[in-house]
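Report on one structure; see the data block that follows.
Every chain is numbered from 1, with letters handed out A, B, ... down the list of sequences. Only a predicted model underlies this, so the values are computations on that prediction, with no experimental measurement involved. The analysis underlying the following values was restricted to heavy atoms, covering all of them including side chains, and did not include hydrogens, waters or symmetry mates.
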Protein chains: 2
Amino acid sequence: MATKSRENPAPVEVDSATRERILLEAARLFRHHGYAATTLREVADASGIKAGSIYYHFESKDQILGEVLDKGIQVVSAAVQQRVEALPAEATARQRLAAAIEGHLWGMLHHGDFTSANIRIYGQIPAAAKNRHRKIRREYADYWDSLLEDALQRGELRADTSTAMIRLFVIGALNWTVEWYNPQKGSFQDFVKQITAIVFDGTFVGEPA
Amino acid sequence: MATKSRENPAPVEVDSATRERILLEAARLFRHHGYAATTLREVADASGIKAGSIYYHFESKDQILGEVLDKGIQVVSAAVQQRVEALPAEATARQRLAAAIEGHLWGMLHHGDFTSANIRIYGQIPAAAKNRHRKIRREYADYWDSLLEDALQRGELRADTSTAMIRLFVIGALNWTVEWYNPQKGSFQDFVKQITAIVFDGTFVGEPA
DNA sequence: GTCTATATGAAGATAGAC
DNA sequence: GTCTATCTTCATATAGAC
C-alpha cells in the first residue's frame with residue numbers, strides 16, 4: 001500500500017554532508033596517525049558529532065577504511081584518464097605519459113588525505129580489507145601498463161627494463177611526492193614540469209658513461 | 001669497597017640476543033601492522049618470551065620504537081658512506097652517486113624490516129618520537145645533499161631543479177623499491193643497474209621533446 | 001539523525017615470585 | 001632474566017531515548 005505517487009523517490013542519501021565529512025576526517029586521521037591508532041571518537045569529534053552517531057552512516061570502522069582506500073585511487077585514476085583521453089589521437093607517447101603524470105600528481109595533491117592515507121596504510125591493514133581493495137588498484141596499474149606498452153612499441157621508452165618495473169618505479173616515485181611537496185616553494189605547474197623532466201630524462205646531463 | 005680487580009668489567013649488555021630479537025620482531029610487526037596496531041604481547045610471542053619480560057630489556061613501547069626507527073636509517077647510511085668512501089679520489093660524480101644508490105638499495109633490502117618500518121610509520125608516530133628521530137634523518141639527508149652539490153658543481157647534474165628537490169625525489173623513489181622489489185625476478189646486481197640507469201638517464205630514450 | 005549510557009574486550013605497564 | 005597476575009585505561013560497537 002504505498003501511498004507515494006512520486007515517480008522519482010529520493011534515492012538513499014549515500015553522500016550526505018555528514019557522511020562525506022566523516023570520510024574526509026577519517027582519511028586525514030588515518031593519514032597522520034595510522035588506521036589502528038585512529039579512534040572513532042576522534043573521527044566523530046573532528047566531524048562535529050558524537051561517536052555513536054557514526055554508526056548511523058557506517059556499519060563499522062572497517063567500512064570507513066574501505067571507502068577511504070577506494071577513494072584514494074579513484075580520484076587519481078579519474079584525473080589521469082580524463083587528461084589522457086582529452087589528447088588528440090596523434091599525440092606522442094611523451095605527451096600521453098606527461099598527461100598521465102600531471103593527472104596523477106594533480107589528483108594526489110588535491111586529495112592528499114585520501115591518497116596519502118592510502119599509500120601509508122595499505123601495507124598495514126588486515127588482509128580482508130586489502131583483498132577488497134585489490135581490484136581497484138590492479139585496474140589502475142593496468143591502465144599505466146597500457147600507456148607504457150604503447151610507448152615501448154613506438155620505440156620511445158627504454159627497452160632494457162620491463163614496463164612492469166618502470167611502472168612500479170615511476171608510480172612509487174610519484175606517490176611519495178605527496179609526502180614532501182610544498183606548494184609554497186613554487187607553482188604546481190613548475191613542480192609538474194620538473195618531476196616530468198626527471199622521470200623522462202633523468203637527473204644527470206649528457207650521455208650515459 | 002669494590003672487590004673486583006678486573007680492569008675490563010663486562011659492559012652493560014645492551015645487545016643481548018634476546019634484546020636484538022625483540023627489536024627485530026618489533027620492526028617486522030611495525031612494518032606489517034603499524035606501530036599502534038602492534039601489541040607488546042605480539043612482539044613477545046614472536047620473540048619467544050612473555051609480555052612482561054620485555055620490560056626487563058626496554059622501558060616502554062616508545063623506546064622500542066625509537067631504536068627501530070634509528071636503526072632503519074643507520075644501516076642504510078652506513079652502507080652508503082662505506083661505498084662512497086671506498087672510491088678513488090678521481091671518481092666521477094656519476095660513479096659516486098652510483099655507489100650511493102647501490103649502498104642505499106643494499107642497506108634497505110638487507111634490513112628490510114627496519115627500513116620499511118621506518119618509511120611506513122614515520123608519518124604516523126607521536127610528535128615526541130618524531131622529534132627524537134629527526135636529527136639522524138637530517139644528517140643522512142645532508143650527506144646526500146653534499147654528494148648532489150658536488151655533482152652539480154662538476155656540471156654533471158641537471159641544473160633546472162634544486163638539489164633538495166632532486167634528493168627528495170630520488171630518495172623517495174629508492175625508498176619505495178623496498179615495497180615491491182622481488183629478488184626472485186632477477187639478481188640484485190641487475191636490479192641496481194636498472195634503477196641507477198633510470199635515475200641517471202630517465203625512462204625515455206632520445207632527446208627531450 | 002544524533003544523543004547518552006554501557007557491554008565487552010584488550011591494551012600498556014607494574015609487582016613480586018622464582 | 002623470565003614468569004604470572006593484575007591495575008587502569010580506553011577501544012569498538014550496541015541499545016534505546018529524544
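- A donor atom on one side chain and an acceptor atom on the other are not found under 3.5 Å apart for Glu25(B) and Ser47(B).
- Dashed line: the shortest gap from a side-chain N or O of Lys61(B) to OP1 or OP2 of dG12(C) is under 4.0 Å.
- Relative to the side chain of Lys50(B), the nucleotides dT4(C), dA13(D), dT4(D) differ in distance, and dT4(D) lies closest.
- Classification of Glu67(A) and Lys71(A) as a salt-bridged pair fails, no side-chain N sitting under 4.0 Å from a carboxylate O.
- For the OP1/OP2 pair of dG1(D) and a distance below 4.0 Å, the side-chain nitrogens and oxygens of Ser53(B) include no atom meeting the criterion.
- Atoms CD1 (Ile64(B)) and C1' (dA13(C)) sit 12 Å apart, rounded to a whole Å.
- In this structure, CD of Glu42(A) is placed 11 Å from C1' of dC10(D), rounded to the nearest angstrom.
- In this structure, of dG12(C), dG1(D), dC3(C), it is dG12(C) that holds the atom nearest to the side chain of Thr39(B).
- Residue Tyr56(B) places no side-chain N or O under 4.0 Å from the OP1 or OP2 atom of dT2(D).
- Between the CG atom of Asp62(B) and the C1' atom of dA11(C) there is a distance of 15 Å, given to the nearest Å.
- Of the listed nucleotides (dT2(C), dA13(C), dA13(D)), dA13(C) has the atom at the smallest distance from the side chain of Leu40(B).
- Phosphate contact (OP1/OP2 of dG1(C), side-chain N/O of Thr18(A), threshold under 4.0 Å): absent.
- Atom NZ of Lys130(A) has more than 12 neighbouring heavy atoms from other residues, nucleotides or ligands inside a 6.0 Å radius.
- In this entry the distance linking NE2 of His57(B) with C1' of dA13(C) reads 16 Å, nearest Å.
- For the pair Ile54(A) CD1 and dT2(C) P, the computed distance is 11 Å after rounding to whole Å.
- We find that NE2 of His33(B) is positioned 16 Å from C1' of dA11(C), with the value rounded to whole Å.
- dC7(D) atom P lies 17 Å from atom OH of Tyr55(B), rounded to whole Å.
- Heavy atoms of Thr38(B) sit under 4.0 angstrom from primed sugar atoms or phosphate atoms, though from no base atom.
- By the 4.0 Å N-to-carboxylate-O rule, Arg132(B) lies close enough to Asp62(B) to be salt-bridged with it.
- Rounded to whole Å, atom C1' of dG1(D) lies 16 Å from atom CZ of Arg21(B).
- Nearest nucleotide to the Ile49(B) side chain, out of dT2(C), dG12(C), dC3(D): dC3(D).
- Ring centers of Tyr140(B) and His104(B): under 6.0 Å apart, within the cut-off.
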